[in-house]
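Heavy atoms only: backbone and side chains are in, while hydrogens, waters and symmetry mates are out. Everything numeric in this text was worked out from a predicted model, so none of it was measured. Throughout, numbering of the chain's residues begins at 1 and tracks the sequence.
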Amino acid sequence: MFEAMLLLLCLLSCVNSQEVEFKDWKPYESKVVIPQVIDLRSGGSIDMMMGAMTHTWGAGMELPVDMYGYKLVDDDSATVPTYPGPTILVSKNVPVEVTWINNISAPHLLDRYIARQLLMPPSACYPLCGVPLITHVHGLEVPAKYDGVPNQAIYTSQSKKDVYTNRQMSSTHAYHDHAMGLTRLNHWAGLVGGYIIEDSEVESARGIVVSFDIPLLLSDTLVSTEGVLMYTKNPCETTSTHWAPESYGNVNAVNGVVMPIVEVPRAEAVELRLINGANSRGYGLDIPFFRSCSIIGKDMALLNTPVPLTSPDEIVFFPLERVDLFCNFSEIEEGSVYNVTNTLYPEGTEQLFTEVFQLKIVASSATLLGMKDPVVGSEASTVGRSRKPRDADSLNHIKDLAALHESTGGRVRNIALEEVTNEEDCPVKLLIKVENQTSTFENHNYVSCHKGKVEKWVFTNPTADVHPFHWHAISVQCGPTEAEINSNELKDTVQIPSAEEDYETVVQVCYVACVPNAFLEEGSTVGPTEFDFSTEDPYVFHCHIMPHGNKSSF
């Protein structure tokens with residue numbers, strides 16, 4: 001019997017080892033697919049199911065690939081879940097309810113890559129409880145019980161109702177899985193979608209008009225020649241764990257289509273909402289049409305002042321960062337095409353294809369997905385509006401967090417990002433040290449962020465990686481030095497640069513606002529401690545490279 005089990009394990013190992021990467025991708029062959037829009041701007045409640053499905057990547061890969069996705073329940077037009085999931089569109093200050101339903105059964109479709117030593121409670125019951133899942137809406141200000149933190153996982157056939165008050169500024173967000181020890185695999189398998197907050201009153205007052213709006217979720221993937229979703233092999237070639245420090249695909253995709261064509265109208269007001277939906281990959285985009293565009297929003301809010309792009313390589317963003325572009329294509333000749341590529345490839349992360357997508361200018365009168373109003377269950381493909389500021393010098397009015405740090409008397413914290421390695425010198429865990437004390441979610445090592453205060457966090461990073469650092473529920477302003485704090489934007493995920501093997505050099509300074517998002521808008525009547533919910537339960541902060549997903553609490 002023992003010998004038979006060994007033989008079975010050997011056969012399974014041989015099957016996995018024989019997986020061959022599909023490499024015959026064909027750039028710019030398939031058109032982008034825009035996720036369905038669920039219009040909840042007037043409030044309401046929906047049921048969203050997480051389930052298994054087959055996905056077509058396009059670009060020469062004809063075989064359907066088993067993946068996971070999200071689906072609006074009781075929607076006859078969507079018979080199966082999709083990757084990405086539907087875009088949820090809401091209005092500022094209008095609450096909505098979403099019931100997340102786990103319809104994914106064990107074994108996990110990436111079971112062969114699960115590192116069981118990472119399956120701490122509540123994921124430790126896998127596979128007996130099914131596949132643990134929990135959905136976190138990245139960037140939302142919500143009670144911790146609705147935030148999708150790792151200890152809230154639901155199991156197969158269970159559901160969880162979350163209430164989102166949307167009491168924050170107009171912004172682009174994303175929802176994705178956040179299960180303890182499984183985030184990297186659940187996200188890689190397709191559990192991610194868009195969430196957009198609209199503030200029609202403010203946008204109208206500031207001259208923002210309706211035109212054309214398209215969300216573009218960037219990612220990379222790895223598929224076998226047999227149409228099987230693969231995950232990055234452990235680069236340390238160790239037999240002690242299936243965990244890999246990062247995961248990278250050999251090709252890029254937009255909205256689940258590999259190297260697609262994105263058609264946009266020859267019009268004055270086109271918005272491109274860029275969401276980095278990758279597992280680990282950062283994108284440094286080479287944008288040939290840069291002269292036609294300005295950055296108008298990042299992460300948590302519109303910018304105070306739009307930033308015109310002055311070179312093709314200004315947009316560099318990491319997992320779950322968002323960048324909103326406003327573009328005027330009215331002077332570009334119809335039929336023009338621009339190939340957008342990725343130039344950010346740290347050693348060991350190179351791809352077979354650098355192409356991301358091809359933007360094609362078509363007639364403004366053309367029938368395009370996205371020109372319709374969003375309707376639940378319809379084929380409307382985008383949010384259906386775009387920003388055209390009347391006053392290019394005044395888009396938003398965000399407060400200066402450095403000044404608030406001084407006026408509120410917030411404390412200063414020193415944060416170090418370090419790594420743990422195993423006996424084979426392979427990195428197996430990211431450590432977040434606060435004042436030289438390791439902070440971890442599972443051990444309840446909490447950091448108290450004092451409500452109503454703006455703190456100053458000073459980062460060092462002696463690891464070899466750039467870490468996209470994410471705070472749940474709060475906003476920040478950062479810069480490489482005190483003198484370079486960017487007060488024009490409001491972020492929730494910030495790149496912490498590497499100073500490899502240098503434990504002392506400061507690489508990022510951040511002002512962390514433990515206050516309501518609405519308080520940070522000039523003229524707001526919301527006070528610095530006036531959250532509309534209790535903030536006593538812990539939230540998390542962590543690196544947003546998915547495999548680095550050990551969580552710390554505050």
Side-chain angles (χ1 to χ4, degrees), residues 118 120 136 138-139 141 144 147 149-151 178 180 183 245 299 318-320 401-402 404-406 408-421 427-482 485 491-515 535-554:
L118 299 181
M120 295 171 286
H136 164 62
H138 182 107
E141 180 184 288
D147 192 42
V149 294
N151 63 353
H178 218 273
M180 182 68 77
T183 297
D299 286 12
F318 283 76
L320 268 292
L401 298 193
L404 285 175
H405 167 66
E406 184 175 350
T408 62
R411 65 176 298 171
V412 177
R413 299 185 193 270
N414 294 296
I415 316 294
L417 305 183
E418 300 178 11
E419 286 179 333
V420 175
T421 59
V428 295
K429 190 174 184 179
L430 176 71
L431 290 184
I432 301 174
K433 292 187 174 181
V434 182
E435 305 300 347
N436 209 35
Q437 298 296 313
T438 300
S439 178
T440 61
F441 184 83
E442 61 271 20
N443 293 330
H444 306 289
N445 303 126
Y446 299 148
V447 172
S448 179
C449 190
H450 296 286
K451 185 161 59 175
K453 305 283 188 180
V454 174
E455 300 187 350
K456 180 180 177 180
W457 290 30
V458 181
F459 285 87
T460 56
N461 177 19
T463 77
D465 294 319
V466 175
H467 295 285
F469 197 87
H470 171 50
W471 295 259
H472 282 220
I474 56 179
S475 306
V476 303
Q477 289 175 347
C478 301
T481 67
E482 178 74 38
I485 300 296
K491 300 276 290 172
D492 60 43
T493 304
V494 177
Q495 300 163 29
I496 310 299
S498 167
E500 192 169 0
E501 299 183 1
D502 183 343
Y503 285 79
E504 297 183 357
T505 297
V506 172
V507 294
Q508 194 73 268
V509 178
C510 291
Y511 286 98
V512 179
C514 306
V515 301
T535 58
E536 293 181 0
D537 293 331
Y539 294 82
V540 296
F541 57 86
H542 58 97
C543 174
H544 225 295
I545 293 176
M546 304 296 176
H548 294 186
N550 59 299
K551 314 297 192 297
S552 296
S553 303
F554 68 94

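At least one side-chain heavy atom of Pro547 sits less than 4.5 Å from a side-chain heavy atom of Ile545. You'll find the side chain of Val509 reaches within 4.5 Å of the side chain of Ile485, heavy atoms only. In this structure the side chain of Cys510 reaches within 4.5 angstrom of the side chain of Trp471, judged on heavy atoms. Contact of the Ile474 side chain with the Tyr539 side chain is not registered, since no non-hydrogen atoms from C-beta on lie closer than 4.5 Å. Side chains of Trp457 and Val476 form no contact here, defined as non-hydrogen atoms less than 4.5 Å apart. Using a 4.5 Å cut-off on side-chain heavy atoms (C-beta onward), Phe459 and Val494 make no contact. For the pair His544/Thr183, no side-chain contact is recorded, criterion being any heavy-atom separation below 4.5 Å from C-beta on. For the pair Ile496/Val466, no side-chain contact is recorded, criterion being any heavy-atom separation below 4.5 Å from C-beta on.
For the atom pair CG (Leu417) and OG1 (Thr460), the distance works out to 7.0 Å, reported to the nearest 0.5 Å. Distance CG/Leu401 to CD/Gln477: 3.5 Å, rounded to 0.5 Å.
Within 6.0 Å of the CD atom in Glu406, the count of heavy atoms belonging to other residues, nucleotides or ligands does not exceed 12.
Under the side chain to side chain contact (heavy atoms under 4.5 Å, CB included) criterion, Pro462 pairs with Glu418, Tyr503, sequence neighbours left out. For the side-chain hydrogen bond (donor to acceptor under 3.5 Å, both in side chains) test, residues two or more places apart in sequence or in another chain that qualify with Lys491 are Asp299, Glu321. For the side-chain hydrogen bond (donor to acceptor under 3.5 Å, both in side chains) test, residues two or more places apart in sequence or in another chain that qualify with Asn461 are Thr463.
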Please step through side-chain contact (heavy atoms from CB on, under 4.5 Å) for the pair Thr438 and Ile432, ending with a clear verdict. CA-CA 6 Å; Thr438 300; Ile432 301 174; over 6 Å; no

Could you walk me through whether Glu482 and Tyr511 satisfy the side-chain contact (heavy atoms from CB on, under 4.5 Å) test, starting with their C-alpha distance in whole Å, then the side-chain angles of each, then the deciding distance to 0.1 Å, before giving a yes or no? CA-CA 10 Å; Glu482 178 74 38; Tyr511 286 98; 2.4 Å; yes

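Note: His542 and His178 have perpendicular aromatic rings, judged against thresholds of 30 and 60 degrees for the angle between ring planes. Note on ring orientation: taking the six-membered ring where Trp is involved, the planes of His136 and His470 are tilted (angle from 30° to 60°).
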